[in-house]
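A quick write-up on the structure given underneath.
Every chain is numbered from 1, with letters handed out A, B, ... down the list of sequences.
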There are 2 protein chains.
Amino acid sequence: MPNLPPSSLPRTAPAVASERSGAVLPATSAAPAAATGASAALLSSTSSAESPSFSPLYRQIKGLIIARLQAGEWKAGESIPSELELAARFGVSQGTVRKAIDEMSAENLLVRRQGKGTFVATHAEQKQQYRFLRLMPDEGSESLGRQLLDCRRLRAPAAIARQLQLRTGDPMVEVRRLLHSKGEPVVLDDIWLPGQLFKGLSTELLNQHRGPFYGLFEAEFGVHMIRAQEKIRAVAADAETAALLQVEVGAPLLSVERLSFTYGDKPVELRRGLYNTASHFYRNELN
Amino acid sequence: MPNLPPSSLPRTAPAVASERSGAVLPATSAAPAAATGASAALLSSTSSAESPSFSPLYRQIKGLIIARLQAGEWKAGESIPSELELAARFGVSQGTVRKAIDEMSAENLLVRRQGKGTFVATHAEQKQQYRFLRLMPDEGSESLGRQLLDCRRLRAPAAIARQLQLRTGDPMVEVRRLLHSKGEPVVLDDIWLPGQLFKGLSTELLNQHRGPFYGLFEAEFGVHMIRAQEKIRAVAADAETAALLQVEVGAPLLSVERLSFTYGDKPVELRRGLYNTASHFYRNELN
DNA sequence: AAGTGGTCTAGACCACTCT
DNA sequence: GAGTGGTCTAGACCACTTG
């Protein structure tokens, strides 16, 4: 029951009383109280024209759930508490929790499974391996082979540090790898990660792991990539790249620069892929 | 009031009684009847394992609204009836209509405006001009200049006809144009349209029109592009393209092949853009 | 049978827009 | 003030999963 003191809450305040007293009580006793009135007190106020403006209850609940995810309370692939339990815990109705989870499900943060529960999204699943890889073969659908070329630690150059919101010279990990299709090299990836977050990352760890790197990052380092921005260009292959991808120097390649974010819009990976699009293409859906 | 004869409706049936008798009645009288029981009768039945399987009420409502859009009952930019009116018209609750509209809004078919109503999405608006164009300048944000190069009618070649689900030799319109940024050519577009749907399309019409082609297509031909698939590759400029885009022959260009769809997943435009990404990039968001 | 998410309804109140 | 979409609650029933 959101029974905060009815003091005039500014419209901007994320005013949900997180985990009030009887949080882990027998459950349902807390929720169905002076419902409508209470939540009204929670949300309404004079319309001061402040900047972050107004946040409805369900969005505040969403924020609380994200905070738990960020804190690692529920790990990738695990189930979170049921809607009814969350509703009791936060002192709101099931419908409000449902709307919060709806949004998070639409953003691929959570996955609902009817009859089973709601689960933390993961890159490690069979069904959606390579969630962020949009490269498709012109024909067929074989999976890609992986070949690790390099994994080293270094001091962050200015250009990379800036994008990852680090300081120049901060510790950083650099990974280089190839993806193959039918034995032919198709993608050359360079990956930069904050050294702080990926302390034990090594060639061995990367080599012994099956599946996408992002699954490893979740399991070993608790870092979830939930969103990414890509900048795509056409470039000409330089000598080194041409040799690795077995194309002519000057051949056109797709350059895909990806900045990946974890919870709280925090950038945690920069990746530059060079794709040979002779027999593959980058697929995009517009809405 | 969904009072169909309680004969056993198969689960697959889009069973909404569209526009029953008292459709345009004083409004609210139709809706709040033997609600729960009736809609239960509408949806439930024995679980026969049929193919298109089960469709909830709100999705059937969505289908009905899409059918109206397709029929041109409400045009691009116009408002559709209020949620309460639609609820009365279809004999369901406002909540069900709301959920249908929620989905359509998420798919950019409709746009909600609080206090004003719900509107048919359009490509002709200031706020989201060039909804499908993902090209961004490295710096600045000037809008792109347009230069029409050609507009002619022809018989569909096999490759293009297949993608537009036409027969080889069917009438077709081909348009070629350039987009400029700061006076420099950046994009060369070739566009193919079914001649059947775009009867009066001409150089004059295209030239006198302001804003994106998609806005013109909506206003003049009633064709709404609601979704598109793109295949992106890196290619080398041939002689003709190099001249038009003022680059060297062999220079790497982004090739963006776009197939656009209208209601009912019907393909109605094929477009091939060649982008000079020297000072622009293709922006994509991954979730 | 019990627990979970999914759908549907109903009603209250809020925020925004226009007249 | 009237009308619109936006939020929140409550309760019913359905579909799916697991023991």
Side-chain angles (χ1 to χ4, degrees), chain A residues 1-2 11 16 27-28 31-49 53-62 79-88 90-103 105 110-119, chain B residues 1-2 11 16 27-28 31-49 53-62 79-88 90-103 105 110-119:
Chain A
M1 57 195 147
R11 293 177 72 218
V16 166
T28 38
T36 301
S39 70
L42 233 177
L43 285 172
S44 73
S45 79
T46 57
S47 57
S48 55
S53 80
F54 161 81
S55 181
L57 233 199
Y58 74 87
R59 221 175 271 281
Q60 301 173 36
I61 300 295
K62 179 182 170 188
S79 74
I80 70 171
S82 75
E83 295 177 351
L84 275 172
E85 189 181 333
L86 288 171
F90 295 131
V92 300
S93 78
Q94 185 188 10
T96 300
V97 170
R98 170 170 287 277
K99 191 153 187 189
I101 293 180
D102 277 345
E103 278 202 357
S105 178
L110 298 174
V111 178
R112 317 180 92 133
R113 293 196 198 117
Q114 188 175 107
K116 299 179 73 173
T118 303
F119 298 78
Chain B
M1 52 191 154
R11 292 177 71 217
V16 166
T28 39
T36 300
S39 70
L42 234 176
L43 286 171
S44 72
S45 78
T46 58
S47 56
S48 55
S53 78
F54 162 81
S55 181
L57 234 199
Y58 75 87
R59 219 175 274 281
Q60 300 174 36
I61 300 295
K62 179 182 170 187
S79 73
I80 71 172
S82 75
E83 295 177 351
L84 274 172
E85 191 181 331
L86 287 172
F90 294 130
V92 299
S93 78
Q94 185 188 11
T96 300
V97 170
R98 168 170 289 277
K99 191 153 187 189
I101 293 180
D102 277 346
E103 277 202 358
S105 177
L110 298 175
V111 178
R112 317 181 94 134
R113 292 193 201 119
Q114 188 173 113
K116 299 178 74 173
T118 302
F119 298 78

Partners passing side chain to side chain contact (heavy atoms under 4.5 Å, CB included) against B:Lys62 (at least two apart in sequence or in another chain): B:Arg59, B:Ile66, B:Ala100, B:Glu103, B:Met104, B:Glu107
Output a table of nitrogen or oxygen pairs between the protein and nucleotides 1-5 of chain D separated by less than 3.5 Å.
from	atom 1	to	atom 2	distance (Å)
D:dG3	N2	B:Gly115	O	3.0
D:dT4	O2	B:Gly115	N	3.3
D:dG5	OP1	B:Thr118	OG1	3.3
D:dG5	OP2	B:Glu83	N	3.0

NZ or CZ of B:Arg112 within 45° of B:Phe119 ring axis and under 6.0 Å: no
Rounded distance in Å - CZ (B:Phe119) to P (C:dC18): 9 Å
OG1 on B:Thr118 to CG on B:Leu110, rounded to 0.5 Å: 6.5 Å
Spacing of A:Lys62 atom NZ relative to D:dT7 atom P, expressed in whole Å: 12 Å
By side chain to side chain donor-acceptor pair (under 3.5 Å) - contacts of B:Arg98 (at least two apart): B:Glu83
Whole angstrom value for the distance that separates P of D:dG6 from CZ of A:Arg59: 12 Å
Euclidean distance, atom NZ of residue A:Lys99 to atom C1' of D:dA10 [Å, nearest integer]: 16 Å
Residue list, side chain to side chain donor-acceptor pair (under 3.5 Å) with B:Thr96, at least two apart or on another chain: B:Ser93
Between CG on residue A:Leu86 and CD1 on residue A:Ile80, distance to nearest 0.5 Å: 5.0 Å
Rounded interatomic separation in angstrom, taking CG from A:Asp102 and C1' from D:dG6: 15 Å
